[in-house]
Amino acid sequence: MIPLFEHYPTLAQKLPFVSLGQFPTPVEKLNRLGRELGLEQLYIKRDDKSGTPYGGNKVRKLEFLMGQALKSHVKEILTFGCAGSNHALATAVYAHRIGIRSISMLLPQPNALYVRHNLLFSYHCGAELHQQRTMISLIIATVHQLLRHCLKYGRFPQIIPPGGSNALGGIGFVNAAFELKAQIENGEIPEPDRIYVALGSMSTAVGLMLGLKVLNLKSRVIPVRIVNRKIAHRKNVHRLFKKSNALLHSLDPCFPLCRLTRHDVQINHHFFGQQYALFTEKGMQAVALMQKFADLKLEGTYTGKTFAALIQDARTQDLKNKVILFWNTYNSRDFSKIIAHLNYRKLPPGLHSYFTDPVQPLDQILTQ
Ligand SMILES: *Cc1c(COP(=O)(O)O)cnc(C)c1O
């Protein structure tokens with residue numbers, strides 16, 4: 001029984017849910033890294049270990065989204081992302097697990113080694129991969145897929161939005177806040193003053209904010225924006241928060257309606273860089289520091305940029321005695337053996353250039 005359902009049993013009866021991951025994910029104290037940064041109480045939440053063979057933050061959302069797919073007996077799931085999308089991959093992995101076909105509608109992104117790995121693993125899981133050059137052609141291709149599916153099965157496939165971020169997916173992170181509360185009560189971590197987390201399609205940060213509010217925890221979420229400002233901004237955070245809250249309240253009136261204040265939403269916009277998935281010097285320095293002092297692998301698109309924000313705050317603000325939690329959203333399960341035998345030429349030709357073109361310059365630090 002997941003912690004959210006223990007607190008709100010009515011939700012257990014009303015919400016679709018399928019167990020896919022391994023929870024609770026550990027919280028660990030990072031002593032050496034903390035000393036390096038002048039933080040006496042630096043912790044990490046290991047959502048990188050949330051599942052096998054693939055962890056990361058999307059597993060929590062997919063437990064609800066796949067639950068819905070099972071409940072409505074769909075044959076296929078269609079989702080969106082950029083070529084190297086961790087979300088598209090997680091969807092492919094866990095759709096395969098529950099016997100549903102997945103279709104990934106993809107847009108181009110800057111090249112990196114992880115893009116290659118994610119594409120190969122998605123292919124291995126039987127995902128149908130479509131990349132389009134522009135948003136317009138993606139929409140046209142998506143309509144085509146929907147009609148094809150309709151003709152074949154007489155109904156639409158389940159559509160999962162980019163990043164798995166809708167009211168339902170976000171409940172995975174409302175539950176994550178309940179999970180953290182239990183870890184605080186068990187003495188695994190003091191109540192955090194701040195929680196640093198990447199802000200992409202937003203339901204990770206927003207789900208946490210909602211869960212923390214309901215539980216009356218004082219921890220403040222510091223969302224570090226790593227996507228375009230048009231996608232992730234204050235208004236959209238409030239909108240998603242309200243939608244998730246309304247959904248939970250409508251299913252179980254005991255779940256309170258909460259208010260998010262201006263003070264609650266302080267997005268850090270300074271580490272995005274030039275473009276989504278284009279690595280930054282600061283982000284890669286953060287990756288290197290985490291590797292050196294904690295022996296953990298971050299990456300350049302999300303977690304490096306987010307950890308860079310934490311580092312900057314540690315150096316410029318008085319956080320010495322504060323409890324700081326870094327929420328690791330990136331998968332750390334090694335799937336290199338699974339994809340080792342795969343040849344990229346089996347992928348749709350439009351994706352071959354990721355394997356023949358060089359990776360972006362800053363990725364080379366990681367590949368050395
Ligand atoms: C998707 C993703 C995020 C962002 O989470 P959102 O819920 O989309 O904001 C952060 N880190 C990693 C590694 C991700 O794959």
Side-chain angles (χ1 to χ4, degrees), residues 21 25 44-51 54-65 79-94 104 106 109 112 114-115 117-118 121-122 160-177 195-211 221-229 231-234 236-237 239-241 243-244 265 267-269 271-272 276-277 279 283 286-287 290 296-310 326-333 366:
T25 60
I44 187 167
K45 178 74 167 154
R46 299 292 306 270
D47 269 14
D48 54 294
K49 292 181 161 183
S50 63
Y54 193 68
N57 65 336
K58 303 305 181 303
V59 181
R60 292 185 188 272
K61 309 183 194 192
L62 289 172
E63 293 197 309
F64 290 90
L65 297 166
T79 197
F80 307 89
C82 287
S85 167
N86 301 319
H87 161 69
L89 171 56
T91 303
V93 169
Y94 291 101
S104 298
L106 306 171
Q109 74 168 80
Y114 82 87
V115 178
H117 296 165
N118 284 8
F121 197 11
S122 286
I160 296 183
S165 280
N166 54 18
L168 184 63
I171 294 172
F173 276 90
V174 177
N175 178 61
I195 300 174
Y196 285 80
V197 67
L199 185 70
S201 61
M202 301 184 304
S203 66
T204 301
V206 170
L208 279 177
M209 286 176 182
L210 177 53
V221 177
I222 312 281
V224 182
R225 178 172 62 84
I226 52 74
V227 294
N228 198 290
R229 202 175 192 132
I231 299 170
H233 51 78
R234 175 189 295 276
N236 276 352
V237 165
R239 205 173 289 154
L240 187 56
F241 183 95
K243 265 174 69 179
S244 301
V265 189
I267 301 172
N268 187 327
H269 291 287
F271 291 85
F272 173 59
Y276 169 74
F279 302 174
V287 171
M290 181 67 90
L296 290 169
K297 280 193 175 37
L298 302 182
E299 42 68 61
T301 300
Y302 297 93
T303 47
K305 290 176 179 178
T306 303
F307 191 55
L310 187 158
F326 177 73
W327 201 289
N328 190 9
T329 47
Y330 185 53
N331 165 64
S332 65
R333 302 287 185 202
L366 286 179

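The structure presented is a predicted model; accordingly, all values stated were derived computationally and were not measured. Every number for a ligand or one of its atoms is a count from 1 in the order of the listing.
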For Tyr330, the ligand 1 atoms whose distance to one of its heavy atoms is below 4.0 Å: 13 (C)

Straight-line distance of Thr303 OG1 to Leu298 CG, nearest 0.5 Å: 4.0 Å

Side-chain donor-acceptor contact under 3.5 Å, Asn328 with Asp48: yes

Nearest protein heavy atom with distance in Å, relative to atom 8 (O) of ligand 1: Ser201 OG, 2.5 Å

Atoms of ligand 1, numbered as shown, that sit under 4.0 Å from any heavy atom of Lys61: 6 (P), 7 (O), 8 (O)

Under 4.0 Å to a heavy atom of Asn86 - the qualifying atoms of ligand 1, by number: 13 (C), 14 (C), 15 (O)

N/O separation below 3.5 Å, Asn57 to ligand 1: yes

Full working for ring-ring contact (aromatic ring centres under 6.0 Å, His included) between Phe326 and Phe307: CA-CA 7 Å; Phe326 177 73; Phe307 191 55; 5.2 Å; yes

Any Met202 heavy atom less than 4.0 Å from ligand 1: yes

Contacting atoms of ligand 1, where contact means under 4.0 angstrom from a heavy atom of Lys58: 1 (C), 2 (C), 3 (C), 14 (C), 15 (O)

Lys297 to Tyr114, cation-pi by 6.0 Å centre distance and 45° axis angle: no

Ligand-side contact atoms (ligand 1) for residue partner Thr329, heavy atom cut-off under 4.0 Å: 10 (C), 11 (N), 12 (C), 13 (C)

Leu65 side chain near Asn166 side chain, heavy-atom distance below 4.5 Å: yes

From Asn118 atom CG to Cys82 atom SG, the distance as rounded to the nearest 0.5 Å: 12.0 Å

Short side-chain donor-acceptor distance under 3.5 Å, Ser165 and Lys61: yes

Side chain Ser50, main chain Gly21, donor-acceptor under 3.5 Å: no

Subset of ligand 1 atoms that lie under 4.0 Å from at least one heavy atom of Gly200: 4 (C), 6 (P), 8 (O), 9 (O)

Thr303 to ligand 1, any heavy atom closer than 4.0 Å: no

Any Gly56 heavy atom less than 4.0 Å to ligand 1: no

